[in-house]
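The structure appears below as structure tokens.
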Amino acid sequence: MKIFIPQDSISLALGADLISKKITQSGHEIIRNSSRGLHFLEVLIEVEIDGARHGFGPISSKDIDQLIANGFSKSHSKYLGIVDELPLLKKQNRLSFSRCGINAPLDYDVFLSLGGAQALAKAKSIGAQKTIDEIKISGLRGRGGAGFPAAIKWQTVKDVQSNQKYIICNADEGDSGNFADRAFMEGDPFGLIEAMAIAGFALGASVGYIYIRSEYPIAIKLLKAAIEIAKARGLLEDFDLQVFVGAGAYVCGEETALLESIEGKRGMVRAKPPIPALEGLFGKPTLVNNVLSFAAIAPIILNGGAHYAGFGTGRSLGTIPVQLSGNVKNGGYYELPFGMTLRELIYEIGGGVKSGREFGAVQIGGPLGAYFTSENLDLIFDYETLAQAGGILGHGSLVVFDDTIDFLKMARFAFEFCAHESCGKCTPCRIGSTRGVETMDRIIAGENQYELVDDLCETMKFGSLCALGGFTPYPVQSAIKAWRGKNV
Amino acid sequence: MEPDNKIAIKNIIEKYEAVQCSLNPILHEIIHENGIIEKDDIEIIAKYLNLSRAEVWGVVSFYSDFKKKPQKSHIQICCGEACQAQGSAQNADEYLTQNGLVWGENSNGVLVEKIFCLGLCSRGPAALENGQLIANFGGDE
Ligand SMILES: Cc1cc2nc3c(=O)[nH]c(=O)nc-3n(C[C@H](O)[C@H](O)[C@H](O)COP(=O)(O)O)c2cc1C
Ligand code: SF4
Ligand code: FES
């Protein structure tokens, strides 16, 4: 009997190592996979019987003795059925995340058996330009937040002549509510390496960096190990790839601050132009893409851009791992095509509000994203619809709150976060955020200072160099609007 | 500072000498080995990497990872939105009261800090206790 016990951050934080130790002591063969994304079921133990994997979860270290004694019987109260048949897995279109959770992330033979390395081989056989053409047909837009068409960036870096070019993966994922970058790196590290090698080949770049935030020690460890294995196994033939560890600065997720950081400087945002595609790391042409943008590359190359573009809606094509968290029953990530409504995501996928109270609000797209209330739940989850509704899709997160949400406190928090993380380059962001905290305190104390906050928000929107200062008004103003809608 | 210590720092720097972009990796390793980056270290690093002391200090002071001081114990409680939506503030207060701690430095050498998102949002509230990730922090599981 083969038993799979996940080893990603979520599972480890829920005691998976202790569970694994106990099951090992009971004499079973163990494989440490990673979570499949149904985080609310973690620790999810999978037992292989006659070729099918049967799930038990959520298992805590308290349940495990009893589960072992019970012999992993299907009559156990935590028995879930065959894992592949779980409705929340079956409903997904796992293009990017197809390998995540299946097996041990560092087993290179498993990677090969699940289609790994084939996209790189295909890219090399069709050539650099055709590779970029497929990405163009796919309609892939950058998943790091700005939604910029990936193919344009790739083409720009390819077309510029230079003796040195760089490929950088932005794995700084500092937005609260977002964890799909981490999940992909911990579930399919070779998949990320392969995608970056494809970019290196297509763009003529021989050096790459994966910039991972230091808050992700497990992803860092896995990728460092995976790079060594990939080198030995020929996946990184003419491409020198390294992990670069962040140092606890949210703003370094902004691509130019990230470049400064790799260069060994303070993580200050650079004014654009020049764009990194032309003058990036050390002034050389540099491709910066998010983990999830890279994660879409192999399926696009393997199945063709048109296949990828067959998913999604409007100008939001393909799939995105929707990340559900906060006060929601089925917290986790779910790779789905763009185009579902917020209601479907929160209720059908998410299972509704965890506390059992009424729905209060959902913050979409991270700490710089807007709050939406119950009258917005029929909005479609895509870039354009959310932008028109005064928000952002960001990195694809939905953070659900029940009706106890204190909107004014959340507006204050958005300013506080901005003040804490500002790189300090622009006055509206550096000073405005602190003024914002103070003004929110006065509003919370009962003063009518709404106009002052609006003024401040307008100044920040138009006077900030990057989205930290420029987008903080989204959560602030949407939260205040939600509060006033209920109370004024 | 102990002379031994200085040698250790030189060793760390020499390991990275051939590497492009070596300042951050060097600072990470010093924090990892010694728990703190001291004034003398900055001077040594600046000399080796051909930077001014101000440049090195500018980097050290920008990043929260490099500003650390050695602590007996370090607890970081996530206060990101997803954890707030799961009651992190209340759980944190209860935890601190139960353990006789306050936010910030405590007289017994424990440092309690806020952190914004550990990527465990789907099973929050989350915390990091001396490098150990904790999900469902202060919860009943
Ligand atoms: C304050 C701030 C933080 C950001 N954080 C991230 C991040 O953690 N990860 C990321 O991929 N992009 C982040 N971005 C967006 C990047 O600047 C950039 O648009 C992205 O890495 C480009 O990759 P993509 O085209 O694949 O999305 C951030 C932007 C800002 C303004
Ligand atoms: S908006 Fe804020 S974080 Fe962005 S560049 Fe200006 S000061 Fe720095
Ligand atoms: S918001 Fe707390 S772990 Fe993400």
Side-chain angles (χ1 to χ4, degrees), chain A residues 9-10 12-14 39-40 42 58 60 62 173-179 181-183 209 214-218 244-250 252 261-268 282 323-328 331-333 354 363 366-367 397 399-402 405 410 413 417 420-421 423 475, chain B residues 19-29 31-32 45 49 51 55-68 76 78-90 114-129 131-137 139-141:
Chain A
S9 298
I10 283 268
L12 290 177
L14 289 163
H39 293 155
F40 68 105
E42 296 299 349
S60 75
K62 282 184 204 146
E173 195 168 58
D175 287 351
S176 74
N178 292 273
F179 40 82
D181 291 350
R182 178 183 64 64
Y209 290 97
S214 61
E215 291 85 347
Y216 283 178
I218 295 166
F244 193 96
V245 181
Y250 171 80
C252 287
S261 182
I262 297 183
E263 289 180 10
K265 300 182 195 145
R266 296 162 71 90
M268 302 286 274
F282 298 109
Q323 297 137 79
L324 296 177
S325 70
N327 204 327
V328 67
Y333 74 82
K354 185 164 62 180
Q363 186 184 26
S397 62
V399 174
V400 177
F401 292 76
D402 70 13
I405 180 172
M410 298 321 291
F413 176 79
F417 180 76
H420 191 265
E421 301 295 345
C423 84
Chain B
V19 181
Q20 205 179 16
C21 322
S22 58
L23 181 55
N24 283 35
I26 289 171
L27 296 176
H28 268 302
E29 191 154 335
I31 285 280
H32 181 76
I45 297 166
L49 297 185
L51 298 167
E55 281 170 310
V56 179
W57 173 243
V59 170
V60 170
S61 61
F62 183 83
Y63 296 98
S64 48
D65 285 5
F66 301 147
K67 282 187 280 195
K68 283 183 191 158
Q76 290 163 290
C78 180
C79 295
E81 287 90 338
C83 286
Q84 289 188 44
Q86 296 169 83
S88 70
Q90 201 189 329
K114 286 185 183 178
I115 191 166
F116 300 111
C117 197
L118 291 160
L120 303 176
C121 332
S122 50
R123 290 299 295 272
L128 190 62
E129 195 172 342
Q132 189 76 34
L133 291 169
I134 303 168
N136 194 24
F137 178 72
D140 42 15
E141 262 169 57

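Reminder, nothing fancy here: chain letters follow the sequence lines and each chain counts from 1.
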* **Segment of B:L133 engaging chain A (4.5 angstrom heavy-atom cut-off)** =>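 Both parts, backbone and side chain.
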* Residue part contacting chain A, namely of B:L51, when any heavy atom lies under 4.5 Å -> neither
For [X], is it the side chain, the backbone, both, or neither that has a heavy atom closer than 4.5 Å to a heavy atom of chain B?
X      : answer
A:N178 : backbone
A:E173 : neither
A:Q323 : neither
A:Y209 : side chain
A:Y216 : side chain
A:L324 : backbone
A:R182 : side chain
A:D175 : backbone
A:P367 : both
A:V328 : neither

Quick check on the interface: out of [options], who has the most heavy-atom pairs with chain B under 4.5 Å?
options                        : answer
A:P475, A:G332, A:S397, A:G248 : A:G248
A:P217, A:S325, A:A183, A:A13  : A:A13
A:G331, A:A249, A:G267         : A:G267

Is it the case that the side chain of [X] and the backbone of [Y] share a donor-acceptor pair, with hydrogens and angles ignored and the cut-off at 3.5 Å?
X      : Y      : value
B:R123 : A:E42  : yes
A:R266 : B:V59  : no
B:H28  : A:G246 : yes

Which atoms form the tightest heavy-atom contact between [X] and [Y], and what is the distance?
X      : Y      : result
A:G177 : B:C121 : N-SG, 3.2 Å
A:F179 : B:G119 : CB-O, 3.3 Å
B:A135 : A:L14  : CB-CD2, 3.7 Å
A:G326 : B:A85  : CA-CB, 3.9 Å

Spacing of [atom1] belonging to [X] relative to [atom2] belonging to [Y], to within rounding of 0.5 Å:
X      : Y      : atom1 : atom2 : value
A:H420 : B:C79  : NE2   : SG    : 10.0 Å
B:S64  : A:E421 : OG    : CD    : 7.5 Å
B:F62  : A:C252 : CZ    : SG    : 5.0 Å
B:L118 : A:I10  : CG    : CD1   : 10.0 Å
B:S122 : A:F40  : OG    : CZ    : 10.5 Å
B:I115 : A:S176 : CD1   : OG    : 12.5 Å

* Does NZ in B:K114 sit with more than 12 non-hydrogen atoms of other residues, nucleotides or ligands closer than 6.0 Å? -> no
* **B:Q90 CD: over 12 foreign heavy atoms closer than 6.0 Å** =>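 At most 12 heavy atoms, drawn from other residues, nucleotides or ligands, come within 6.0 Å of this atom.
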* Asked: Could you go step by step and tell me if B:F116 and A:Y250 meet the ring pair (Phe, Tyr, Trp, His ring centres under 6.0 Å) rule?
  -> CA-CA 9 Å; B:F116 300 111; A:Y250 171 80; 9.1 Å; no
* Structure fact -> Comparing B:L120, B:L27, B:L23 against chain A, the one with the most heavy-atom pairs below 4.5 Å turns out to be B:L120
* **Option that, when pairs with chain A are counted at under 4.5 Å, heavy atom only, ranks first among B:E55, B:Q132, B:Q84, B:K67** => B:Q84
* Please step through side chain to side chain contact (heavy atoms under 4.5 Å, CB included) for the pair B:E81 and A:F417, ending with a clear verdict. => CA-CA 10 Å; B:E81 287 90 338; A:F417 180 76; 5.7 Å; no
* **Test item: side-chain donor near acceptor, B:Y63 and A:S261, under 3.5 Å** =>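 On atom types as modelled, these side chains qualify, holding a pair under 3.5 Å.
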